[in-house]
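The structure appears below as structure tokens.
Computed from heavy atoms alone, side chains included, the values below leave out hydrogens, waters and symmetry copies. The shown structure was predicted, so the numbers you read here are calculated from the model rather than taken from an experiment. Counting begins at 1 with the first residue of the sequence. Atoms within a ligand are numbered from 1 in the order they appear, just like the ligands themselves.
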Amino acid sequence: MGEFTHNSVVIIGAGIFGLSTALAIADRHPATQITVVDRATPPVEDGTSVDTTRCIRADYADPIYAKLAEKAQQEFENDPELSKYYFKQGMSFVTDGKPGPMLDVWNRGLVNIKRDPSVLIQTETPEAVYQQIHGKDANIVPLKNLTQPRKWNRGYCNLQDAFVDAKEIIRVYYERCLSRPSISFECGVPVEQILKQDGRARGVLLANGKEIIADLTLVAAGAWSPKLIDLEGLVNSSAIEVAWLKVTDEEVKRWGNMSITTNLSTGFNLFPPYKGEIKCLRRSAGYKNTVSIPHPENPSKIIQTSLPRTIVTNPTDMIPAEAEAALRENLREIMPQLADRKFDRTKLCWLTQTQSADFIIAPYPSIQDLHVATGGSAHAWKFLPIIGGFVLDSMIGNLDPKLAAKWAYAPKGADGGSSPRMGGNAQELREFVRSSQIARSML
Ligand SMILES: Cc1cc2nc3c(=O)[nH]c(=O)nc-3n(C[C@H](O)[C@H](O)[C@H](O)COP(=O)(O)OP(=O)(O)OC[C@H]3O[C@@H](n4cnc5c(N)ncnc54)[C@H](O)[C@@H]3O)c2cc1C
């Protein structure tokens, strides 16, 4: 059993990994001084953890994530400050039925849910899939209106699944951190580099020249992490397309109780109306933004890596035309009323992806007193209430060996369906990016 002997910790990043870890340390080791540093004040507008909605579900094929997600979901339900922003409306998983890895993921999910038939609704035909959203008398979109064969063919809904207001819950976590005397925040200036001495980390240097010295440093900088530490071959930062459409009061009434609806074959994800709008996204292969930067450990060497280009750094960026077309193609079949409606706004949501979709929660191998918690891989948000406890266990050297192996600082195998994403490689964003100043009419 290790011990937590650090008097001070600096955490880089106020997303789910950073905030959850700050609270876990404050609760278990109240004498340790914690400084959370972020480029901006939470909820950080372009942080991956901040969005109108996120899915909370425990129906993982992987038994480890299934158990952890169930525990985290109970925390959302039992915590009165969080449950205000938690909406248990189920999640429907649809497929085109074509053989392939996504159908396998879909089938495994169905086998899992069948263990508790009371939470399962099956929709075996395109009509049933469509009517689950639009009501039992609704007629599916005629084939002649579609530009491709039907993709929304068979589905099932898990009534246990929920969505949350991700931004409001991050705000709750930020306020909780502020209420702890041992946690302080340093927001608005990015960390330029990790300070090192004799092979140990000793805090961070901010871009304005200020140093924050600490016994232990945690990198929880999400998709920006490859700027600060060497993650070559372990994670890739890329972004997927998200769009919001305004809906009328009548549409809110009509679709208000629908489930989150996702198509594993097309990667499309549609949320129920929330605060007068519907969000949709696609778990596409996505986009990367390759830049040349000094190697984090050896600054005389220049490396190429992908780092976020966001609505904050490039406020007029819109999602690429092909991404918009793919979202609209899905809407045309499953939500035709919205297929040609102007997007209220769009964004590329950045994420840091490991090959297996397993996180990285581990000591940094070549520098002592430096720890890493990243690699959220498009599915880490739901673990917010519990993930910090595991990061702390890892810092102490007490992490359950199975988890330590799963979240090791090492290359990983293939994703077994924890966070299914469309195949293919991320494309270079600068070749596809559009600016709203020249294309606002298309919004
Ligand atoms: C479109 C989309 C949908 C998703 N849907 C779901 C879902 O439904 N359910 C689910 O469980 N998960 C989902 N995820 C995944 C989940 O949102 C992420 O895994 C999680 O939010 C990652 O959190 P993080 O703390 O690693 O990153 P972030 O929230 O990005 O936090 C990192 C922070 O570090 C800060 N930072 C970076 N560099 C520096 C620096 N140099 N100095 C100071 N601060 C710095 C940033 O400003 C940022 O605030 C989704 C992801 C995306 C993109």
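- Residue contact check for ligand 1: Ala220 places a non-hydrogen atom closer than 4.0 Å to it.
- Note: an N/O pair closer than 3.5 Å links Cys55 and ligand 1 by distance alone.
- Side chains of Gln73 and Tyr86: a donor on one and an acceptor on the other come within 3.5 Å.
- Under 4.0 Å from ligand 1, the heavy atoms of Arg283 that appear belong solely to its side chain.
- Here the heavy atom of the protein found nearest to atom 45 (C) of ligand 1 is Arg39 CG, 3.6 Å.
- Between Lys196 and Glu297 there is no salt bridge, since no side-chain nitrogen of the basic residue lies less than 4.0 Å from a carboxylate oxygen of the acidic one.
- Judged by the 6.0 Å and 45° rule, Arg171 forms no cation-pi pair with Tyr85.
- In summary, Lys412 and Asp358 do not engage in a salt bridge, as defined by a charged side-chain N under 4.0 Å from a carboxylate O.
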>> What verdict does the side-chain contact (heavy atoms from CB on, under 4.5 Å) test give for Asn7 and Gln33, after you've listed the backbone C-alpha separation in whole Å, the side-chain angles of each residue and the deciding distance to 0.1 Å?
In response: CA-CA 6 Å; Asn7 293 318; Gln33 289 306 308; over 6 Å; no
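- When only interatomic distances are considered, the shortest N/O to N/O separation between Lys382 and ligand 1 falls below 3.5 Å.
- At under 3.5 Å, not a single nitrogen or oxygen of Asp51, backbone or side chain, sits near a nitrogen or oxygen of ligand 1.
- The aromatic rings of Tyr174 and Phe185 sit perpendicular, their planes meeting at an angle over 60°, well past the 30° parallel limit.
- Contact annotation: for Ala373 versus ligand 1, there are no heavy atoms closer than 4.0 Å.
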